[in-house]
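Remember, predicted model here, so these are calculated numbers, not experimental data.
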Amino acid sequence: MKRYIKTTKTLLKKDFKDAFRNINMGILIICPPVFAAIFRFNSVIPFPPGHLLMMFTAMCLTMIPLSYLATIIAEEKEKNTLRTLMLSGVSAAEFITSKILVVWVLLQAVNVLDYFILGHPVARLPLFFLVTGVGSIPLLMLGAAIGIISKDQMSTSVLSVPVMLSMLLPSVMSMMSPLFARIANFSPVEQTMRLFFLIEEGKSLFSREGATGLLVMLAWTLASLAAYL
């Protein structure tokens, strides 16, 4: 256990440095807060703050875990550094734990930044952080699975874009189509948004609606973990 923690800490330092060296991925991280600021201060359409926040949260939950995580894993394979790590005794668990933690921290940093840019109260930040943190877990595991089966960084786009659209579109189209509304019930992104709206309305996460959302997230987490394994 001590070796696992020590190796993971060493990998975390390396992965945090690498995360800021990829310009394309840096742009992916910066875009949500920039657009959130534009919509907050320059939009001519009076969007409700809660809807704006969840729109950008849904973007982050689909783009960063599924694209960013998959890309940095595929990058290790493309540059043959993954082979070097394996030959040096790094286990698969240590490797993926470090990658997921780095991306999770970046994702939550962006979510919190969007939260403050869009003018939400500090009192509800811990619950927002909890909901988005739990909701990101199955998507992070899916991103890890995509990164593992991708041959290089270019192929991650081919694999991740359809998954991102399948996660995001049902939520976007649910108000226009009953079919998409039914499909959205099984989406971890949609359930994350619903849990947040429960918080906005002052309801408990352990109500019937909240329990349904948590069960959907748990099912997706187990399925994503199985896919990765």
Partner set under side chain to side chain contact (heavy atoms under 4.5 Å, CB included) for Val161, not counting sequence neighbours: Met164, Leu165
Hey, mind stepping through Thr156 and Glu75 against side-chain contact (heavy atoms from CB on, under 4.5 Å) and telling me if it holds? CA-CA 10 Å; Thr156 58; Glu75 184 180 20; over 6 Å; no
Which residues pass the ring-ring contact (aromatic ring centres under 6.0 Å, His included) test with Trp220, not counting sequence neighbours? none
Of all the heavy-atom pairs spanning Pro188 and Pro138, show the shortest one and how long it is. CB-CG, 4.1 Å
According to side chain to side chain contact (heavy atoms under 4.5 Å, CB included), who are the partners of Leu113, at least two apart in sequence or on a separate chain? Pro33, Ile117
Which pairs with one or both residues in residues 170-193 pass salt bridge (Lys or Arg N to Asp or Glu O under 4.0 Å), sequence neighbours excluded? Glu190-Arg194
Pairwise distance CG(Leu218) to CD1(Ile137) - rounded to 0.5 angstrom: 10.0 Å
Can you name the closest pair of heavy atoms from Ile73 and Ala144 and give their distance? CD1-CA, 3.7 Å
Is Leu107 close to Leu61 at the side-chain level, that is, under 4.5 Å between some pair of heavy atoms? yes
Would the distance check show the side chain of Glu78 and the main-chain N or O of Gln153 forming a donor-acceptor pair, the cut-off being under 3.5 Å? yes
Any salt bridge (Lys or Arg N to Asp or Glu O under 4.0 Å) pairs touching residues 165-179, not counting sequence neighbours? none
Nearest heavy-atom contact between Ile146 and Ala70 is CG2-CB, 3.8 Å
Which side chain to side chain donor-acceptor pair (under 3.5 Å) pairs, counting each pair once, include a residue from residues 98-109, with sequence neighbours left out? Asp15-Ser98, Asp15-Lys99, Glu76-Lys99, Trp104-Ser136, Gln108-Asn111, Gln108-Thr132
Quick one: pull up NZ in Lys77 and CD1 in Ile149 and give me the separation to the nearest 0.5 Å. 8.0 Å
To the nearest 0.5 Å, tell me how far Asp114 CG sits from Met59 CE. 8.5 Å
As a quick check of understanding, evaluate side-chain contact (heavy atoms from CB on, under 4.5 Å) for Leu85 and Leu11, giving each step before the final call. CA-CA 10 Å; Leu85 289 172; Leu11 289 172; 4.0 Å; yes
For the hydrophobic clusters of this structure (ILVMFWY residues joined by side-chain heavy atoms under 4.5 Å, transitively), does one cluster hold both Leu222 and Leu229? no
Salt bridge (Lys or Arg N to Asp or Glu O under 4.0 Å) contacts in which one or both residues fall within residues 124-147, not counting sequence neighbours: Arg124-Glu200
Here the pair of heavy atoms bringing Pro162 nearest to Ser157 is CD-O, 4.2 Å
Please report the interatomic distance CG(Leu139) to OG1(Thr192), rounded to the nearest 0.5 Å. 7.0 Å
For Thr97, give me all partners under side chain to side chain donor-acceptor pair (under 3.5 Å), at least two apart in sequence or on another chain. Tyr4
Who pairs with Phe56 by ring-ring contact (aromatic ring centres under 6.0 Å, His included), at least two apart in sequence or on another chain? Phe39
Do Tyr115 and Pro121 have side-chain heavy atoms sitting under 4.5 Å apart? yes
Looking at Ser150 and Ala74, what are the two nearest heavy atoms and their distance? CB-CB, 4.3 Å
hydrophobic_cluster_shared for Leu214 and Phe186, side chain cutoff 4.5 Å: no
Less than 4.5 Å apart, any side-chain heavy atom of Leu53 and any of Phe128? yes
Between Val110 and Val122, is there shared hydrophobic-cluster membership here, with clusters defined by ILVMFWY side-chain heavy atoms closer than 4.5 Å? yes
Give the C-alpha distance, both sets of side-chain angles, the deciding distance and a yes or no for side-chain contact (heavy atoms from CB on, under 4.5 Å) between Leu195 and Leu127. CA-CA 10 Å; Leu195 287 176; Leu127 282 175; over 6 Å; no
Do the side chains of Leu125 and Phe116 get nearer than 4.5 Å, heavy atoms only? yes
Residues that Thr212 engages under side chain to side chain donor-acceptor pair (under 3.5 Å), provided they are two or more places apart: none
Any donor-acceptor pair under 3.5 Å linking the side-chain atoms of Glu94 with those of Ser91? yes
Residue list, side chain to side chain contact (heavy atoms under 4.5 Å, CB included) with Val134, at least two apart or on another chain: Leu130, Met217
So Cys31 and Ile27, do their side chains get closer than 4.5 Å, heavy atoms only? yes
Selection residues 144-172 - residue pairs positive for salt bridge (Lys or Arg N to Asp or Glu O under 4.0 Å), sequence neighbours left out: none
Quick one: are Leu69 and Ile64 in side-chain contact, heavy atoms under 4.5 Å? no
Would a single hydrophobic cluster contain both Met167 and Ile183, if residues Ile, Leu, Val, Met, Phe, Trp and Tyr are joined by side-chain heavy-atom contacts under 4.5 Å? no
Indicate if Met86 and Ile100 have the same hydrophobic cluster label, given that clusters are the connected sets of ILVMFWY residues with side-chain heavy-atom separations under 4.5 angstrom. yes
Straight-line distance of Tyr228 OH to Ile148 CD1, nearest 0.5 Å: 4.5 Å
In this structure, CG of Leu142 is separated from CG of Leu225 (nearest 0.5 Å) by 10.5 Å
Can you tell me if NZ on Lys14 sees more than 12 non-hydrogen neighbours from other groups inside 6.0 Å? yes
